[in-house]
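Have a look at the structure below before the remarks.
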Amino acid sequence: MAETLSDRYNSADVEGRIYQWWESSGFFKAHDRSTKPPFCIILPPPNVTGFLHMGHALDHTIQDLLIRWKRMNGYNALWLPGTDHAGIATQTVVEKELKKQGTNRHQLGRDAFIEKVWDWKHQYGDRIYAQMRRLGDSCDWDRAVFTLDENVSKAVRKVFVSLHKKGWIYKGLRLVNWSAPLESAISDLEVEHKQTKGTLWHINYPLEDGSGFLTIATTRPETMLGDTAVCVNPEDPRYKHLIGMGVTVPLINRKVTIIADTYVDKEFGSGVVKITPAHDFNDFRIGKTHGLEFINILNRNGTLNENAGAYQGMKVADARKKVVEDLKSLNLLVKEEPHALSVGHCSRTDAVVEPFLSEQWFVKTEHLAVPAKRVVESGTIRFEPESWTKVYLHWMNNIEDWCISRQLWWGHRIPAWTCGKCEHVTVSETDPAACEKCGDTNLKQDDDVLDTWFSSALWPFSTMGWPEETETQKTFYPTNYLVTAPDIIFFWVARMIMMGLEFKRDVPFRTVYLHGIVRDSQGRKMSKSLGNSLDPVELIEKYGADALRFSLIAHLYSGKDIKVSEQRIEGYRNFMNKIWNATRFALQNLSDFTAPSEGVKALPDKANMSSFDRWIIFKLAEVEKAVEEALESDRFSDAAQALYHFVWGQFCDWYIEFMKPIMNGDNAAERRTSQLVLAQVLNRVVRLMHPFCPFITEEIHSKLPIKGEACIVDQFPNTRNDKDFLAFGNEQSAFEVDLVKETITAIRNIRGENRLSPALKIRIRLGVTEDSVQKILGTNKSALMTMGRLEDIEIGVEGDLRKCAVALVTVKESTVKVIIPLEGLVDFDEEIKRMRKTIEKLEKDIGLLTNKLSNEKFVQNADEEVVAADRLLLSQSKVQLTSMREALTRFQ
RNA sequence: AGGGGCUUAGCUCAGUUGGUAGAGCGCCACCCUUACAAGGUGGAUGUCGUCGGUUCGAUCCCGGCAGCCCCUACCA
């Protein structure tokens with residue numbers, strides 16, 4: 001007894017139940033030891049603070065598609081999930097909580113604060129996993145890792161110590177990007193440059209000998225409090241004679257020297273630059289080469305310090321105003337002009353980044369970069385789309401040392417201890433009891449933690465148990481795909497490659513698949529401030545996870561950003577419903593069908609197959625081929641589109657319609673054969689679609705008469721493993737059915753254009769010359785009658801064309817003349833219009849083709865096939881034109 | 001400034017070896033035809049950004065121009 005399905009697919013009834021069943025059945029589990037070939041993707045770990053957003057939805061859908069596809073292909077597929085402690089983000093979240101409670105981290109103290117963060121993590125850290133389950137992510141959850149897990153911390157320390165030993169991690173006093181709200185250094189990559197309208201102030205610095213002033217130009221007047229030189233171009237005739245002389249920095253009244261450096265552009269501003277080595281990256285370099293003094297005028301919180309004299313305690317912005325005012329009143333401000341410049345902002349807090357002199361830890365990247373470049377150049381690691389290769393290599397060629405220390409509390413604390421006695425720094429994997437140099441036990445661990453990306457860089461192997469040698473690594477490292485957005489190529493991808501090569505002596509992954517950003521329907525980035533973010537979970541609740549997944553995949557074109565709108569998702573929700581209803585049709589018509597014992601291997605009875613059966617199998621073979629080729633070449637949207645068109649445009653629109661007369665007909669043998677084909681094709685449709693829309697396909701699969709254990713672990717059909725069944729499709733049937741389809745379309749076209757009511761059954765004649773075509777039409781008479789809504793049909797009889805609508809159907813080299821007497825049904829205006837339109841089109845085509853074919857050079861140079869095809873088309877068009885003209889005259 | 005990308009139907013985009021332009025949505029008309037109105041049938045819509053070159057032939061290849069976007073780096 002067949003099950004009864006509701007006429008609408010209700011995703012909410014299905015998804016939770018199906019997911020739970022998958023998970024409890026252990027279908028997501030991969031195995032450390034297996035005879036199956038391995039396939040592995042490491043999930044880019046979302047922040048523990050995070051909620052699933054559309055970017056994740058896209059990223060995860062791609063990964064889940066790959067994992068499910070490979071799993072169905074018999075791979076030991078591992079999708080390894082994890083979350084990132086996200087130093088800054090998480091600390092900020094918890095600090096906000098504390099603020100609400102009227103306290104802060106400094107009041108709590110470091111240990112108590114960290115405990116609070118852990119509390120928060122335990123309470124909320126897994127909520128993103130719950131959201132991922134809503135999407136259908138088939139991760140091996142038992143392996144989930146957190147970046148602060150004991151093992152990962154062990155890996156981090158081992159890597160730190162090892163690189164330190166090699167001299168590739170060092171501590172240095174450097175100018176770093178400083179985020180005042182965070183009171184921490186941030187890396188170059190965390191700085192966002194924004195174009196801003198600034199001001200260029202021209203300021204007079206009195207010359208030492210009292211002979212006048214030197215005018216400098218600056219956009220940041222407040223930093224003059226830290227000036228330790230002014231600089232001119234050595235070739236500048238205006239200032240050449242002043243080099244070596246002293247000037248006084250106003251307000252702070254510091255005497256500094258005029259130095260010369262080619263860095264200064266004579267053309268810009270006044271041609272004189274103030275040098276503030278402690279607060280500007282270029283000035284820092286000059287300060288180093290000229291041996292200048294470095295005066296730091298800032299506190300860690302972004303206010304001015306004691307070196308700023310009267311301005312101490314002010315914020316930078318306030319100090320700037322005050323400095324300008326004071327200069328004005330001293331008559332030292334020459335002029336101010338508007339000046340566009342780009343200003344670095346902290347990507348986390350949006351605060352203006354201050355160059356700040358401080359002691360930080362760095363990774364020396366020079367040596368790590370060499371092999372990391374080579375593996376990409378050699379193609380061992382492939383970027384998709386390929387164009388990112390260039391970007392990667394360009395960056396690697398210009399790579400700077402990586403500032404890895406952060407002045408935060410939440411993260412991996414730097415494993416370095418300073419001796420209270422001899423000040424020697426002991427770097428060690430385990431907490432040392434005593435200074436390795438003098439043996440003193442008065443040790444103090446470095447306060448800083450590591451950049452979050454430091455642990456992320458080790459992710460492909462730290463998640464697999466490294467530094468222990470584990471079976472997991474032996475089986476799954478290197479992994480196959482890394483799927484992410486291109487904005488973290490440098491933050492993350494490059495660093496994983498460097499660390500993987502250094503510590504595993506092998507690449508971390510083979511293919512880096514880079515997808516675009518999800519934007520709103522107008523192409524804007526989704527952001528909280530714009531309020532245009534779509535929440536994937538809400539969309540899932542409204543349209544179902546499958547609809548969301550399918551619409552993301554269907555519009556994913558090679559690395560481009562994708563614009564999503566609810567309307568679009570709704571369209572794919574409708575598609576899901578279409579599949580659902582096709583299943584309802586099938587099940588209704590399979591109620592008396594007994595599943596063969598051979599299951600999916602059962603083959604149809606050759607003798608009783610209809611041409612429609614052969615045709616749909618032929619089309620199935622095409623789509624299986626297209627899907628496999630598309631997936632193999634990372635063209636996921638092509639696969640999705642091919643399936644969409646097959647399922648809707650062929651299976652539903654035609655095959656099911658063709659089945660109706662057969663299912664209701666009295667040829668029992670034919671019916672039984674078609675039932676088997678219907679059941680087999682639907683079984684394949686569901687398997688083919690599963691990686692794209694897992695929930696509905698699993699649900700349908702469970703109701704099919706022919707099915708495997710579970711769709712998720714069933715075999716993915718391709719032209720090899722499905723060869724025996726696909727062999728029943730053939731091109732001759734495809735031609736036959738195409739001829740029938742085209743004829744039906746021509747009838748419908750005439751009906752539509754002439755506004756013949758669908759309820760009106762009409763009589764038609766089909767003019768054919770070839771016996772074979774006549775035979776085909778005869779065999780398919782019932783389909784033509786039903787789908788053309790006919791009362792009667794005469795095949796092979798042209799008869800009198802007076803007052804008849806005529807349309808010509810050409811498939812390959814065969815032609816069918818569709819003739820519909822209109823006398824008494826309609827006035828002929830519409831039909832005359834329709835025929836004139838056809839004639840005009842034919843005349844135009846014939847003109848073009850005639851021109852082309854009478855061009856000797858075309859006939860000589862073009863491929864023979866192209867010329868032959870055009871010749872055929874021309875002769876067919878001419879025949880059609882004659883017929884249509886003749887038919888038209890019959891109206892007049 | 002350097003690097004990359006984009007410009008095709010009202011909208012979002014396909015178009016992989018150069019041979020008379022496609023899809024989805026939207027639009028118009030007709031239809032509740034028992035799988036599905038979250039549906040069916042039919043229809044309209046494009047000098048493929050612009051100028052030139054190569055070619056018998058260019059949406060596709062090459063060059064100039066215009067417009068939009070992204071990334072990287074920055075002039076105090």
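By convention in this document, chain letters (A, B, ...) are assigned in the order of the sequence lines, proteins followed by strands, and residues within each chain are numbered from 1. Side chains included, hydrogens not; waters and symmetry mates left out as well; all remaining heavy atoms used. All values reported here derive from a predicted model rather than from experimental measurement.
The nearest whole Å value for the distance from the CG atom in A:Leu214 to the C1' atom in B:A76 is 13 Å. When the C1' atom of B:U20 is taken as reference, atom CD of A:Glu843 falls 17 Å away, rounded to whole Å. The nearest whole Å value for the distance from the CG atom in A:Asn398 to the P atom in B:U72 is 13 Å.
With distances taken from any side-chain atom of A:Glu657 to the nucleotides B:U33, B:A35, B:U20, the minimum falls on B:A35. In the set B:A76, B:C25, B:C56, B:A76 carries the atom at the smallest distance from any side-chain atom of A:Tyr263. Distances from the side chain of A:Leu200 to the nucleotides B:A76, B:C56, B:A73 place B:A76 closest. Looking at the side chain of A:Asp265, the nearest of the listed nucleotides B:G24, B:C75, B:C36 is B:C75.
The aromatic ring centres of A:Trp648 and A:Tyr644 sit less than 6.0 Å apart. Checked against the 6.0 Å centroid criterion, the rings of A:Trp388 and A:Phe383 do not qualify as a close aromatic pair.
For the P atoms, the distance linking B:U50 with B:C31 amounts to 42 Å, nearest Å. Look at the C1' atom in both B:C68 and B:U8: the space between them is 16 Å, to the nearest Å. Taking the C1' atoms as reference points, B:U72 lies 33 Å from B:C11, given to the whole Å. When the P atom is compared between B:G2 and B:U17, the two are found 35 Å apart, to the nearest whole Å.
A donor-acceptor pair shorter than 3.5 Å cannot be found between the side chains of A:Ser877 and A:Asp845.
Here A:Lys563 reaches the OP1 or OP2 of B:C13: one of its side-chain N or O atoms lies under 4.0 Å away. Residue A:Asn855 places no side-chain N or O under 4.0 Å from the OP1 or OP2 atom of B:C56. OP1 and OP2 of B:G3 both lie 4.0 Å or more from every side-chain N or O belonging to A:Lys390.
Summary of the strand contacts: A:Ile656 and A:Ile562 both lie near RNA chain B, and taking for each the nucleotide with the nearest heavy atom, the more 5' one is attributed to A:Ile562. Mapping A:Lys660 and A:Phe490 onto RNA chain B by nearest heavy atom places A:Lys660 at the nucleotide closer to the 5' end.
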### Task
Would you write the dot-bracket representation of RNA chain B, where each base gets (, ), [, ], | or . depending on whether it forms a Watson-Crick or G-U pair under 3.5 Å and with which partner?
(((((((..((((.....[..)))).(((((.......))))).....(((((..]....))))))))))))....

### Query
For every nucleotide of nucleotides 38-47 of chain B, 5' to 3': is a protein heavy atom under 4.0 Å from its base (B), only from its sugar-phosphate (S), or from neither (-)?
BSSSSSS---

Look for any protein N or O under 3.5 Å of an N or O in nucleotides 14-17 of chain B and output each such pair with its distance, or none.
| residue | atom | partner | partner atom | Å |
| --- | --- | --- | --- | --- |
| B:A14 | OP1 | A:Lys560 | NZ | 2.5 |
| B:A14 | OP2 | A:Lys560 | NZ | 3.0 |
| B:G15 | OP1 | A:Arg635 | NH2 | 3.2 |
| B:U16 | N3 | A:Arg635 | NH1 | 3.2 |
| B:U16 | O4 | A:Arg635 | NE | 3.2 |
| B:U16 | O4 | A:Arg635 | NH2 | 2.5 |
| B:U16 | O4 | A:Asp638 | OD2 | 3.4 |

